[in-house]
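Hydrogens, waters and symmetry mates play no part in the numbers below; they use all other heavy atoms, side chains included. Worth saying up front: this structure is predicted, and the values here are computed from it rather than measured.
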Amino acid sequence: MTDVDLDESILRRLSAGARDPILVADFQPLSPAPRMSQMLSESIEGKPVFQIDPIGVLMGERRYASIPELAGECVEQFRTSGAEDGHTFVVGHCSASALALGVADLLAADRAVTAVLLLPAWPDDELVVEKFGEYAAKFGRTTRPCPDLDADPEHVVAEIEQIFRDEMNALAAGRNLTDAMGAFGDLLVWYRGWLAFLLACRNDVGAGRTGGRAAVTVLSDSPSTVAVKGLDRSAYDVVALPSSYPAGPVTAELAEHVAAYIRSR
């Protein structure tokens with residue numbers, strides 16, 4: 001059994017506030033780096049900030065959930081939070097954009113909502129296969145290919161987990177690392193959860209555009225990160241960021257651009 005903190009709740013409130021709530025779709029990093037939601041909760045005063053964490057949900061008993069399912073659960077939990085007054089902002093960074101759109105559209109059915117997509121990315125076959133290979137290599141030099149991504153998603157994720165577990169056990173036995181199995185197990189469920197979410201994004205061909213059609217703004221520093229899956233370019237705004245940002249943990253500077261945009265609305 002892993003020591004990772006598993007939480008079936010997809011939504012967590014980070015700060016107090018009276019109105020104009022901010023929901024931020026972000027991920028638990030495998031590092032001490034702060035998350036976008038944490039940075040915004042500290043820099044924006046008077047507005048309640050919520051963290052949407054799909055990876056934590058997918059690290060538990062449930063191996064897979066679609067983007068509409070995750071978005072629906074988030075909205076259901078938000079509606080019981082007591083922080084529904086005013087204009088709602090739903091922030092999604094990089095691969096979280098599809099989930100942010102799904103949440104924003106469901107909320108837009110009965111409120112003013114803006115989805116703020118920061119450097120949006122739309123996972124595809126290539127990315128899922130690439131990440132599978134990267135994570136499998138952490139346990140050993142497996143020759144087993146990534147499962148067929150067109151198969152039943154539950155089976156795909158279960159097969160990925162089994163491949164990782166086989167490699168993990170072989171690594172531990174070959175190097176007498178049985179004492180490290182707990183740490184390896186934590187890595188395994190995080191890798192599994194992350195790949196399950198990327199697979200859900202890959203499978204979400206409509207990017208969750210099924211609700212109330214929230215307003216959408218893209219914050220981007222490059223033409224490669226201005227497309228919104230499922231929307232024509234004329235259907236959303238683009239705000240240019242001042243410089244290029246490397247892939248990796250969110251920086252305080254990047255978070256401040258998001259905060260400045262929200263404060264200006």
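Within a 6.0 Å radius of CD in Glu134, other residues, nucleotides and ligands contribute more than 12 heavy atoms. Summarising the local packing, CD of Glu76 is surrounded by 12 or fewer heavy atoms from other residues, nucleotides or ligands at distances under 6.0 Å.
For Glu256 and Arg263, the salt-bridge test passes: some basic side-chain N is under 4.0 Å from an acidic carboxylate O. Note on Arg265 versus Asp20: no salt bridge recorded, every NZ/NE/NH1/NH2 to OD/OE distance being 4.0 Å or above.
With sequence neighbours left out, Arg111 forms a salt bridge (Lys or Arg N to Asp or Glu O under 4.0 Å) with Glu84. For Asp85, the side chain to side chain contact (heavy atoms under 4.5 Å, CB included) criterion is met by Arg19, not counting sequence neighbours. Partners of Asp150 by side chain to side chain contact (heavy atoms under 4.5 Å, CB included), not counting sequence neighbours, listed by chain and number: Asp148, Arg202. In terms of the side chain to side chain contact (heavy atoms under 4.5 Å, CB included) criterion, residue partners of Ser37 (sequence neighbours excluded) are, by chain and number, Leu14, Val24, Asp26, Arg35, Gln51. In this structure His155 satisfies the ring pair (Phe, Tyr, Trp, His ring centres under 6.0 Å) test with no other residue, sequence neighbours excluded.
In this structure, CE on Met36 lies 11.5 Å from CD1 on Ile22, to the nearest 0.5 angstrom. Rounding to the nearest 0.5 Å places CG of Asp125 at 9.0 Å from CG of Leu199. Rounding to the nearest 0.5 Å places CG of Leu70 at 10.5 Å from CG of Asp53. Atom CG in Asp204 sits 9.0 Å away from atom CH2 in Trp122 (nearest 0.5 Å). One finds the CG atom of Leu219 at 7.0 Å from the OH atom of Tyr261 (value rounded to the nearest 0.5 Å). Distance check, rounded to the nearest 0.5 Å: CZ of Arg144 to CD1 of Ile163 gives 4.5 Å.
Residue pairs meeting the ring pair (Phe, Tyr, Trp, His ring centres under 6.0 Å) criterion with at least one partner in residues 34-59, sequence neighbours excluded, are Phe50-Phe78.
The minimum heavy-atom distance between Ser41 and Val49, with the atom names listed, is CA-CG2, 3.8 Å. Closest heavy-atom contact between Tyr64 and Val157: CD1-CG2, 4.2 Å. Nearest heavy-atom pair, Leu11 versus Gln77, reported as atom, atom and distance to 0.1 Å: N-OE1, 3.2 Å. In terms of heavy atoms, Phe27 sits closest to Ala96 at CZ-CB, 3.5 Å. Here the shortest heavy-atom pairing between Asp232 and Ser234 reads OD2-OG, 2.5 Å. Of all heavy-atom pairs spanning Ala255 and Leu40, the tightest one is O-CD2, 3.6 Å.
Here the side chain of Arg192 pairs a donor or acceptor atom with the backbone of Leu58 at under 3.5 angstrom. In this structure a side-chain-to-backbone donor-acceptor pair under 3.5 Å is missing from Ser97 to Leu117. For the pair Asn169 (side chain) and Arg165 (backbone), a donor-acceptor distance under 3.5 Å is present. Judged purely by atom type and a 3.5 angstrom limit, Asp105 uses its side chain to pair as donor or acceptor with the backbone of Arg213. Side-chain atoms of Arg13 come within 3.5 Å of backbone atoms of Ser15 as a donor-acceptor pair (strictly under, hydrogens ignored). Between the side chain of Trp194 and the backbone N or O of Lys131 there is no donor-acceptor pair closer than 3.5 Å.
Below 30°, between 30° and 60°, or above 60°: for Tyr135 and Tyr191 the angle between ring planes is below 30°, a parallel geometry.
Applying side chain to side chain contact (heavy atoms under 4.5 Å, CB included) to Leu198 and the options Asn203, Asp124, Leu149, Val128 leaves one that passes, Val128.
Here the side chains of Val258 and Met39 are not in contact, with every heavy-atom distance at 4.5 Å or above. The side-chain heavy atoms of Pro147 and Ile160, taken from C-beta on, include a pair separated by under 4.5 Å. Taking 4.5 Å as the limit, every side-chain heavy atom of Val113 sits out of range of all side-chain heavy atoms of Val103. Here the side chains of Leu187 and Lys138 are not in contact, with every heavy-atom distance at 4.5 Å or above.
A cation-pi contact, defined as under 6.0 Å to the ring centre and within 45° of the axis, links Arg233 to Tyr236.
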When you look at Val156 and Leu195, which way does the side-chain contact (heavy atoms from CB on, under 4.5 Å) test go after all the steps?
CA-CA 10 Å; Val156 173; Leu195 284 169; over 6 Å; no

Start with the C-alpha gap between Ile67 and Leu101, add the side-chain angles, then the distance that decides, and say whether side-chain contact (heavy atoms from CB on, under 4.5 Å) holds.
CA-CA 10 Å; Ile67 294 299; Leu101 276 177; over 6 Å; no

